[in-house]
Amino acid sequence: MTRVRIDEIGRHAGETVEIAGWLYNLRKSGKIAFPQVRDGSGVIQCVAVKAQLPEEKFEALKHLTQESSLIVRGKVRAEERAHGGFELDVEDVEIVQRVSEEHPYPITPKEHGVDFLMDNRHLWIRSRKQHAVLRIRAEVIKAVRDYLDSNGFLLVDCPIFTPAACEGTTTLFEVNYFDDEKVYLTQSGQLYNEANAMAFGKVYCFGPTFRAEKSKTRRHLTEFWMVEPEMAYATLEDVKRVGEEMVCFAVDRVLRNRGAELAVLERDVAKLETVKSPFPRITYDTAVELLKKKGSTIEWGSDFGGTDETLISEEYDRPVIVEKFPQQIKAFYFESDPERPELALGVDFLAPEGYGEIIGGGQRVHNLEVLEQRLAEHDLPREAFDWYLDLRRFGAVPHAGFGMGIERVVTWICGIDHLRETIAFPRMLYRTKP
RNA sequence: UCCUCGGUAGCUCAACGGUAGAGCAUUCGGCUGUUAACCGAAGGGUUGUAGGUUCGAAUCCUACCCGGGGAGCCA
């Protein structure tokens with residue numbers, strides 16, 4: 001008996017095969033039952049006819065509970081009425097574990113609230129929409145890695161445990177190490193990336209990052225995944241170019257390979273098809289003028305709020321690149337604009353449709369004296385940055401890089417309204433379970 | 001941390017000062033083409049917790065707990 005996956009069952013039309021999965025839904029009449037079985041790759045409707053099965057098998061199937069695990073054997077048949085185009089005529093069924101009716105599967109095919117679904121996240125990920133989102137996430141990650149791998153970047157991952165003060169301002173999660181030593185969960189691989197870039201030229205890291213900010217919005221997780229490319233002998237221009245190419249590449253891949261998933265999510269793909277080079281580029285100065293014209297209370301010198309980002313992005317049909325921010329709102333390691341030293345050579349990519357910042361990056365300070373002065377200005381402990389300063393002592397070159405938040409990108413591509421569905425087990429301010 | 005909204009059956013909600021209800025889910029019965037199937041019946045509740053006002057509180061008041069959305073900050 002051939003065990004097949006539901007997503008490739010079409011190749012076995014006319015054959016008798018076996019599928020192993022879980023009961024997704026069940027409709028029944030007196031002498032016929034339609035169990036829908038999912039196996040992780042898809043869902044197929046099976047047809048069980050009383051007269052063609054042993055009595056006890058038919059009865060067991062007819063009274064089977066949602067999400068019970070089962071193995072079904074039967075003949076694959078092309079069927080116009082079926083959603084996937086195929087059905088399975090049941091010849092034999094083996095129930096692996098029956099969900100008891102005293103504790104039925106909590107997630108029914110009806111509506112549920114966010115709180116309930118989040119409490120049952122370990123089960124919610126079995127649902128069709130969650131499958132679509134998580135498959136698109138996997139596609140985005142693969143696309144981003146394929147793009148970087150085939151453009152000369154080497155994957156060099158950065159540590160998760162870090163000593164204090166990677167960037168200074170943002171709150172860090174503290175962890176007890178050995179013998180009273182404290183370490184912190186990384187909030188960015190950035191500094192280590194710079195060392196890696198001086199070693200390998202073009203590198204990227206990809207992994208989880210942690211922010212202990214008490215942010216409680218649809219755009220924040222306390223644990224999220226970020227891809228961070230870093231390039232030696234590179235400038236702000238390279239960041240804009242690589243970021244743009246990478247985003248276009250990822251969107252194109254999803255459109256090409258995950259059309260079915262986008263359809264499940266009822267995503268308006270026309271809004272993704274416009275995501276092509278070139279992206280509009282505006283300066284922070286221009287953005288502030290635009291915002292004031294649109295009624296924002298923003299003043300030059302402060303950072304954009306969530307509403308400001310939406311106001312800017314709604315002017316465009318693709319991500320917009322905002323560059324050259326006031327130095328005071330950016331981290332200590334940003335290079336200054338030689339023509340206007342009060343500006344940092346930083347960029348943000350704002351996704352369309354109000355999805356906010358998906359990329360942040362820029363050109364780094366590569367001069368030793370300037371960097372030492374910056375550390376002093378930001379009141380950062382010099383000792384902790386000794387190794388980082390070494391990078392300016394031993395063959396310093398202009399270099400630049402950026403970070404892209406995977407969940408932000410996936411949320412935007414999926415067109416869903418909250419980051420929490422783009423990772424299997426989201427970690428948020430008041431939610432660490434399951 | 002602050003602002004704001006909410007917590008009633010397993011789930012989604014109604015009742016808004018006068019005996020706590022519906023749909024779905026579960027169980028039983030009916031139905032050979034259903035597809036969030038349908039039809040009939042049954043079981044299921046200390047209304048988040050603790051006080052208070054009232055003849056009477058799910059409903060009004062106070063505090064607390066838990067959660068949603070947002071601000072600040074950021075990807």
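Just so you know, these numbers use all the heavy atoms, side chains as well, and skip hydrogens, waters and symmetry mates. Letters A, B, ... are given to chains in the order of the sequence lines, protein chains preceding strands, and every chain is numbered from 1.
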Can you build the contact string for nucleotides 27-33 of chain B? Use B for base contact, S for sugar-phosphate-only contact, and - for no protein heavy atom under 4.0 Å. S---BBB
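Atom name P, nucleotides B:A14 and B:G7: the rounded distance is 8 Å, in whole Å. B:G29 and B:G70 have their P atoms separated by 48 Å, with the value rounded to a whole Å. Comparing B:C3 with B:A63, their P atoms sit 12 Å apart, to the nearest whole Å. If you take atom P in B:A41 and the same atom in B:G23, they sit 10 Å apart, rounded to whole Å. The gap from the P atom of B:G68 to that of B:U12 amounts to 14 Å, rounded to the nearest Å. On the P atoms, B:U62 is 45 Å away from B:U27, given to the nearest whole Å. Taking the C1' atom of each, B:C2 and B:A57 are spaced 32 Å apart, rounded to whole Å. Using C1' as the reference atom, B:A58 and B:C38 are 34 Å apart when rounded to the nearest Å.
A donor and an acceptor atom, one from each side chain of A:Glu245 and A:Ser277, are nowhere located under 3.5 Å apart.
At a cut-off of 3.5 angstrom, the base of B:C73 holds at least one donor-acceptor pair with the side chain of A:Ser215. Residue-to-nucleotide contacts include a donor-acceptor pair under 3.5 Å from the side chain of A:Arg408 to the base of B:C74.
Distances shorter than 4.0 Å separate none of the side-chain N or O atoms of A:Arg219 from OP1 or OP2 on B:G69. Dashed line: the shortest gap from a side-chain N or O of A:Lys216 to OP1 or OP2 of B:G70 is not under 4.0 Å. For A:Arg420 and B:G67, the shortest distance from a side-chain N or O to OP1 or OP2 is not below 4.0 Å. Considering only side-chain N and O atoms, A:His418 lies under 4.0 angstrom from the phosphate OP1 or OP2 of B:G69.
With both pairing distances under 3.5 Å, B:C31 is matched to nothing as a Watson-Crick or G-U wobble pair. Checking B:C24 for Watson-Crick or G-U wobble geometry (two distances, each under 3.5 Å) identifies B:G10 as its partner. For B:C16, there is no paired nucleotide, since no Watson-Crick or G-U wobble pair has both relevant distances below 3.5 Å.
One interatomic measurement links the two molecules: CD of A:Glu421 to P of B:G68, which rounds to 13 Å at whole-angstrom precision. The distance from atom NZ of A:Lys214 to atom C1' of B:C74 is 16 Å, rounded to the nearest whole Å. To the nearest angstrom, C1' of B:A36 lies 10 Å from CD of A:Gln36. Atom CG in A:Leu419 sits roughly 14 Å away from atom P in B:G68 (whole-Å rounding). Rounded to whole Å, the distance from CZ on A:Arg137 to P on B:A75 is 17 Å.
In this structure, A:Lys202 satisfies the cation-pi test against A:Phe153, with its NZ or CZ atom closer than 6.0 Å to the six-membered ring centre and inside 45 degrees of the ring normal.
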Start with the C-alpha gap between A:Arg241 and A:Asp238, add the side-chain angles, then the distance that decides, and say whether salt bridge (charged side-chain N to carboxylate O under 4.0 Å, His left out) holds. CA-CA 5 Å; A:Arg241 177 181 52 79; A:Asp238 297 295; 3.3 Å; yes
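Partners of A:Glu309 under the side-chain hydrogen bond (donor to acceptor under 3.5 Å, both in side chains) rule, at least two apart in sequence or in another chain, do not exist in this structure.
One finds the CG atom of A:Asn196 at 9.0 Å from the CG atom of A:Asp157 (value rounded to the nearest 0.5 Å).
Checking each of A:His366, A:Gln363, A:His399, A:Arg364 against A:Glu335 for a side chain to side chain donor-acceptor pair (under 3.5 Å) leaves exactly one that passes, namely A:His366.
Ion pair A:Glu67/A:Arg38 flagged as a salt bridge, since at least one NZ, NE, NH1 or NH2 atom sits closer than 4.0 Å to an Asp/Glu carboxylate oxygen.
Once the 5.5 Å centre distance and the 30° plane angle are applied, the aromatic ring of A:Phe224 is found stacked with the base of B:A75.
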